[in-house]
Amino acid sequence: MSNINELAKTVDEAARTAKAIDQIDPESRMSLVDAYAIQSLSIQQRLARGEKRIGVKMGFTSRSKMVQMGLSEVIWGRLTDAMLVEEGGNASFGKYVHPRAEPELAFVLKKPLAGHVTAVEALAAVEAIAPAIEIIDSRYRDFKFSLPDVIADNASSSGFVIGPWSSPQVDFSNLGLTLSIDGRVVQVGSTAAILGHPLRSLVAAARLSAAAGEPLQAGWVVMAGGATAAEWIKPGQYVSIEMERLGSAGFHMGE
Ligand code: OOG
Ligand code: MG
């Protein structure tokens with residue numbers, strides 16, 4: 001099997017050129033340590049091209065996502081500024097292999113948050129919360145992957161859209177939400193689907209990032225994970241999230 005460096009180049013190149021690749025570990029033989037090492041090296045390539053690290057995304061934090069993808073371990077990925085799609089703006093279909101969208105909740109931090117923290121400590125580090133959409137795009141053919149595959153591929157991170165920021169004083173433990181495509185509701189859920197409370201996702205992000213030697217920083221965004229299954233998106237569509245109390249966010253998928 002190719003080494004970690006070569007595999008990092010392979011997944012980075014697939015993301016950069018939006019070209020599907022074969023699974024790198026279809027039998028799930030690789031250790032998760034190696035899979036995260038590939039992810040880390042692939043992100044270093046992006047940083048070397050001038051992208052800036054701006055946060056963390058969590059994955060498989062809801063049962064709907066675990067069931068849809070057939071994996072049940074919480075994973076995480078690294079977010080860069082190049083992945084941010086402006087709210088109400090345009091994403092370009094050509095930048096993706098086969099994009100899907102999922103409704104999430106985003107946190108922005110006002111303090112660093114590292115290691116084993118309580119939910120109360122995590123909340124005290126939150127500057128604001130917002131409804132968000134993640135655009136996921138597995139670089140593997142047919143969006144099919146093993147757990148090491150998806151971890152190496154930066155947990156399918158490719159884009160995210162963030163709506164209006166609100167104070168974290170709002171009780172966000174169980175906010176109703178919908179994901180719509182061209183104004184038609186395609187997914188219905190609640191923030192409670194995210195580990196029972198989205199703060200648990202932030203607690204996990206603090207632990208996992210610190211363990212990787214990259215603790216959560218003030219100003220970073222943490223995407224809590226899809227609250228529902230993800231939906232395929234096609235060119236020309238308008239994708240939006242509406243969240244109880246927090247408002248809405250959307251983007252156009254360009255041709
Ligand atoms: C992996 C990423 C999972 C989430 O929110 O659960 C994820 C995938 O489904 O491709 O982003
Ligand atoms: Mg997600």
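The structure presented is a predicted model; accordingly, all values stated were derived computationally and were not measured. Just the heavy atoms: all of them, side chains too, but no hydrogens, waters or symmetry mates, feed the values below. In each ligand, atom 1 is the first atom listed, and ligand 1 is the first ligand listed. We count residues from 1, following the sequence as given.
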Any idea which protein heavy atom is nearest [atom], and the distance to it?
atom	answer
atom 4 (C) of ligand 1	E102 OE2, 3.2 Å
atom 9 (O) of ligand 1	K65 NZ, 2.7 Å
atom 10 (O) of ligand 1	S156 OG, 2.7 Å
atom 6 (O) of ligand 1	F60 N, 2.7 Å

TODO: Determine, using ring centers only, whether W220 and F107 are less than 6.0 Å apart.
DONE: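 That pair fails the under 6.0 Å test.
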
Proximal atoms of ligand 1 relative to [X] (non-hydrogen, under 4.0 Å):
X	answer
M69	9 (O)
I136	8 (C), 9 (O), 10 (O), 11 (O)
V150	1 (C)
F145	8 (C), 10 (O)
G59	3 (C), 4 (C), 6 (O), 7 (C)
G225	5 (O)

Open item on the list: Pairs of nitrogen or oxygen atoms closer than 3.5 Å, one from E134 and one from ligand 1: do any exist?
Closed with: yes

Open item on the list: Side chain or backbone, does G226 bring an N or O within less than 3.5 Å of an N or O on ligand 1?
Closed with: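 For ligand 1, there is an N or O atom that lies under 3.5 Å from one belonging to G226.
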
Task: D25 side chain to S146 side chain, donor-acceptor N/O pair below 3.5 angstrom - done: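 Result is no, nothing qualifies.
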
Side-chain donor/acceptor of [X] to backbone N/O of [Y], under 3.5 Å:
X	Y	value
D142	K144	no
S157	G77	no
T80	E51	no

Applying a strict 4.0 Å limit to heavy atoms, is [X] in contact with ligand 1?
X	result
M58	yes
M66	no
A155	yes

Check all N, O or S atoms of [X] and name the one closest to the Mg ion (ligand 2).
X	result
E134	OE1
E104	OE2
E102	OE2

Open item on the list: Heavy-atom distances under 4.0 Å decide this one: backbone, side chain, both or neither, for M223 against ligand 1?
Closed with: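 No part of M223 is near ligand 1 at this cut-off.
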
- [ ] Check E104 against ligand 1 and report side chain, backbone, both or neither, counting heavy atoms closer than 4.0 Å.
- [x]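 For E104, the contact with ligand 1 is made by the side chain alone.
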
With a 4.0 Å cut-off on N to O distance, would you call [X] and [Y] a salt bridge?
X	Y	answer
E102	K65	yes
E13	R16	yes
R139	D12	no
D137	R100	no
E214	R78	yes

Open item on the list: With a 4.5 Å cut-off on side-chain heavy atoms, are L109 and K111 touching?
Closed with: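 No, too far: nothing below the 4.5 Å cut-off.
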
Task: Test item: P148 and S28 side chains (from C-beta on) under 4.5 Å apart, heavy atoms - done: yes

